[in-house]
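Inspection log for the structure reproduced underneath, given as structure tokens.
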Protein chains: 2
Amino acid sequence: MDIDELARRSGVSAATVSRALNGRPEVSAATRARIVALAAELGYRPNASARTLASRRSELIGLLWDTDYRSGGRQHPFLQEVLIGLKAALSDRGQGLILLPIVPPDDEAGYVRLARQYTLDGIVMMGVDQHTPQVRALLATPIPCVGLDLALDGPRTASVGSDNRTAAADAVAHLHALGHRRIATITGPLDLWPAAERLAGYRAELARRRLRRRPEYEVAGDFFAASGAAGMRRLLDLPSPPTAVFVAGDAMAVAAMQAATDTGRTVPGDVAVVGFDDIDAAAMVRPGLTTIAQDYRRFGTTAAAVLAELAAAPTTDEPRSVLLPTRLVVRESSGSTAI
Amino acid sequence: MDIDELARRSGVSAATVSRALNGRPEVSAATRARIVALAAELGYRPNASARTLASRRSELIGLLWDTDYRSGGRQHPFLQEVLIGLKAALSDRGQGLILLPIVPPDDEAGYVRLARQYTLDGIVMMGVDQHTPQVRALLATPIPCVGLDLALDGPRTASVGSDNRTAAADAVAHLHALGHRRIATITGPLDLWPAAERLAGYRAELARRRLRRRPEYEVAGDFFAASGAAGMRRLLDLPSPPTAVFVAGDAMAVAAMQAATDTGRTVPGDVAVVGFDDIDAAAMVRPGLTTIAQDYRRFGTTAAAVLAELAAAPTTDEPRSVLLPTRLVVRESSGSTAI
DNA sequence: ATAACCGACGTAAGCGCTTCCGGCCCAGTA
DNA sequence: TACTGGGCCGGAAGCGCTTACGTCGGTTAT
């Protein structure tokens, strides 16, 4: 069942069928209705390759993600959720999603090859290092790109992510409201945008609440568990240890809680902790981890929407940036019983 | 840079270039070498759509997965790992991966449409209900399909998954070796292949070790945490409660441990537990959860390989089934200190 | 009245590949 | 020597669409 047959059966030319199905204006309403109805009845599906070849628009967007991303766990934070969101939004537009994972041993950037082979309409990047020559090559391309949790630059690019700064501030505010005054933090790798923003939010909220900022209360982590444990031990060994700590990632936060209990402290009694990400384990450990939940599904839908804008807009000058709201999930680790 | 230009520059026809690059035999070694070298130098990339259109082979395989899968967590078990494995293997073959997620308000099976629009070379299914008419429609198609953790039937299909039966037996054997004689189990939803196999393995090992099988020691769960907690409570309330329980999923296992401690028991002191899946949280909770780890990355690579076989083989009559080995990860919850 | 215009459609030329069908040339055979 | 048979390659016909461009009636302006 190709377009010619459908054309024959509906008594028009293939050109008209194409126009009718693609919503072009040069078709009378009556003809269009007839064709659309017949197409549905016969289950006609345009061939994606032919369409792409002829129109040089693929209706395909690529998802580039680094399988080695420093996420602190084996799971990329909520890859699945992002995928669901992306697909939901893309389906509405009739677009497909193709994967361009960066698989370690990077075979001379196979994903770059892929991106060029398929004439992609857009690329979503998550957890990649945008300073590698390969990624820069993609960015230089006329293909619109949007970074998830990633501040991209260049023309035809945008970023979407959580409002990490406000989220971190919320966490600190929560702790402060519970009476804590000596609030420390364990950060992520500060070259990553979200990690830097979370630290900034922590500092900002301390200032806003006129709490003294102590350099020794800012210890560096890398999102992995071990650094969380190490960080907590360092904080507790301080002459004046904090009574609460905001940990910039849940994997670190869980390890930090255990480090605290291992050294004889109780959580939240001796030290309260709030994490970031709301990974599955946050609800499974005891005490339950108070943390910041991100709406990853919305990451996906937003990315799709932004990509569409980018494709439509005439060479946008300055990179857009969309910040999504987060949600504080209160469990036991912060010592609050409030919901 | 299209094939014609490359042809011109290398002084042959486009037909010869195509043959040279596709490894056809009708080209002299010298010509081929020249063309291949020039192609690499000029960075020539064949247009995927044109190639697919002309050859009706897409070099694309689809991944169908149900975003609502009953996995017990928000994360599909190791979707990411499977993707990495798949991609690694597919890249070697020069194939791409397109996603066909089943997104909740299933828009008249958009994935079926996609599968037909792109002329897919194969489909990998994970966590789908193969009894829905849509999936059956896909299976009826000449496209090769392989199910992950899913026993597919039909021509040109195969399944790959862990050897759940042996794995469950290993778990029981581990518990038995530690001295336990009253070993219970909390199962997954038994209409799912892996869940049924795990129960079968549990029973088989009991029999092999001449342990009495008690019906009240087999309680039904659904892979979700709540059912694990409920199951454990029920087991502990028995007149003769088990001293060890094999829980068929980690989310349930973690909840089961907590239910045990909540009712005043200690793990592993009063009741030992071993789980299944080795989710991230298994290493994060206290006590650490002894569990069965599956090699999800290998799921992906194996699926790709099987798909290739399926495509090559002349209408295979009986569905193949590949069982992958698992690994027992011993932590504290089983009461063993051995590695 | 004629000219200019517009909406609705058909014709045909691609899009960038693959592949069938030959054709040429040089061995090997009778 | 004439004939056959490969090996190697070019020509050209698609693959199933999209999209200029052209055409043809029927309006509207002049």
Side-chain angles (χ1 to χ4, degrees), chain A residues 1-36 38-39 42-60 94-96 113-121 142, chain B residues 1-36 38-39 42-60 94-96 113-121 142:
Chain A
M1 166 52 70
D2 62 1
I3 202 176
D4 284 313
E5 179 161 350
L6 180 55
R8 223 173 308 119
R9 297 215 197 189
S10 46
V12 296
S13 72
T16 300
V17 171
S18 171
R19 285 188 281 246
L21 263 25
N22 289 323
R24 301 312 221 57
E26 321 92 317
V27 195
S28 73
T31 310
R32 178 186 317 260
R34 189 157 38 89
I35 294 177
V36 167
L38 198 58
L42 298 180
Y44 166 74
R45 301 291 171 217
N47 180 296
S49 301
R51 181 200 279 260
T52 301
L53 184 57
S55 66
R56 54 222 74 207
R57 274 177 288 105
S58 66
E59 307 291 309
L60 261 186
Q95 295 180 304
R113 194 179 53 217
L114 281 176
R116 291 181 41 193
Q117 273 180 335
Y118 304 95
T119 40
L120 296 182
D121 286 355
Chain B
M1 167 52 70
D2 62 2
I3 201 175
D4 283 313
E5 179 162 349
L6 180 55
R8 223 175 307 119
R9 297 215 198 189
S10 45
V12 295
S13 72
T16 300
V17 171
S18 170
R19 285 188 282 246
L21 262 25
N22 288 323
R24 300 313 219 58
E26 323 91 316
V27 195
S28 72
T31 310
R32 169 172 325 212
R34 189 157 40 89
I35 296 176
V36 167
L38 198 58
L42 298 180
Y44 166 74
R45 301 292 171 217
N47 180 296
S49 302
R51 180 199 280 260
T52 301
L53 184 57
S55 67
R56 57 218 78 203
R57 274 177 288 104
S58 66
E59 307 291 310
L60 261 186
Q95 295 181 304
R113 194 179 53 217
L114 282 176
R116 291 182 42 193
Q117 273 179 336
Y118 304 96
T119 40
L120 297 182
D121 286 355

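Proteins get letters first, then strands, A, B, ... in listed order; numbering begins at 1 in each.
Of the residues in residues 24-31 of chain B, B:Glu26, B:Val27, B:Ser28, B:Thr31 come within less than 4.0 Å of DNA chain D through at least one heavy atom, sorted by number.
Residue B:Tyr44 places at least one side-chain N or O under 4.0 Å from the OP1 or OP2 atom of C:dC17. Phosphate proximity of D:dC17 to A:Arg19: absent, as no side-chain N or O sits under 4.0 Å from OP1 or OP2. Remark: A:Asn47 is not in phosphate contact with D:dC15, judged by side-chain N or O atoms under 4.0 Å from OP1 or OP2. For D:dG10, the OP1/OP2 oxygens have a side-chain nitrogen or oxygen of B:Ser13 closer than 4.0 Å. The phosphate of C:dG16 has neither OP1 nor OP2 within less than 4.0 Å of any side-chain N or O from A:Tyr118.
Contact record, B:Ile35 with B:Val12: CD1-CG2, 3.8 Å, taken as the closest heavy-atom pair.
Note: CG (A:Leu53) to C1' (D:dT18) measures 10 Å, nearest angstrom. Rounded to an integer number of Å, the gap from CZ of A:Arg8 to P of C:dT11 is 13 Å. Atom CZ of A:Arg32 and atom P of C:dA8 are 10 Å apart (whole Å). Atom CD in B:Glu59 sits about 14 Å away from atom P in C:dC17, given to the nearest Å. A straight line from CZ of A:Arg51 to C1' of C:dG14 spans 17 Å, rounded to a whole angstrom. Spacing between atom CG of A:Asn22 and atom C1' of D:dT19 amounts to 11 Å, rounded to whole angstrom units. The CE-C1' distance, from A:Met1 to D:dC15, rounds to 17 Å in whole Å.
How far CG of B:Asn47 is from OH of A:Tyr118: 10.0 Å, rounded to the nearest 0.5 Å. The OG atom of A:Ser58 lies 12.0 Å from the CG atom of A:Leu53; values are rounded to the nearest 0.5 Å.
Side-chain atoms of B:Ser18 never come within 3.5 Å of backbone atoms of B:Ala14 as a donor-acceptor pair (strictly under, hydrogens ignored). Distance alone, capped at 3.5 Å, is enough to place a donor-acceptor pair between the A:Arg32 side chain and the A:Ala20 backbone.
Counting only residues at least two apart or in different chains, side chain to side chain donor-acceptor pair (under 3.5 Å) contacts with residues 1-17 of chain B comprise B:Glu5-B:Arg9, B:Ser13-B:Thr16.
For the pair A:Leu6/A:Leu21, a side-chain contact is recorded, criterion being any heavy-atom separation below 4.5 Å from C-beta on. For the pair A:Tyr44 and A:Ile3, the minimum side-chain heavy-atom distance is below 4.5 Å. Using a 4.5 Å heavy-atom cutoff, the side chains of A:Glu59 and A:Asp121 are in contact.
For A:Arg56 against C:dG14, no side-chain N or O and base N or O form a donor-acceptor pair under 3.5 Å.
The closest side-chain donor-acceptor pair between B:Thr31 and B:Ser28 falls under 3.5 angstrom.
Of the two residues near DNA chain C, B:Ser49 and B:Ala15, the one whose nearest nucleotide lies more 5' is B:Ser49. Residue-to-nucleotide proximity on DNA chain D shows that, of A:Ala14 and B:Val17, the 5′-proximal contact is made by B:Val17.
In the helix from C:dA1-D:dT30 to C:dA30-D:dT1, the terminal helix axes, each the rotation mapping four pairs' C1' atoms onto the next four within five end pairs, subtend 50°, rounded to 10°.
Residue contacts for B:Asp4: at a heavy-atom cut-off of 4.0 Å it reaches no nucleic acid atom on any strand shown. Heavy atoms of A:Arg57 sit under 4.0 angstrom from primed sugar atoms or phosphate atoms, though from no base atom.
When the nucleotides D:dC15, D:dT18, D:dG10 are ranked by their closest atom to the side chain of B:Thr16, D:dG10 comes out on top.
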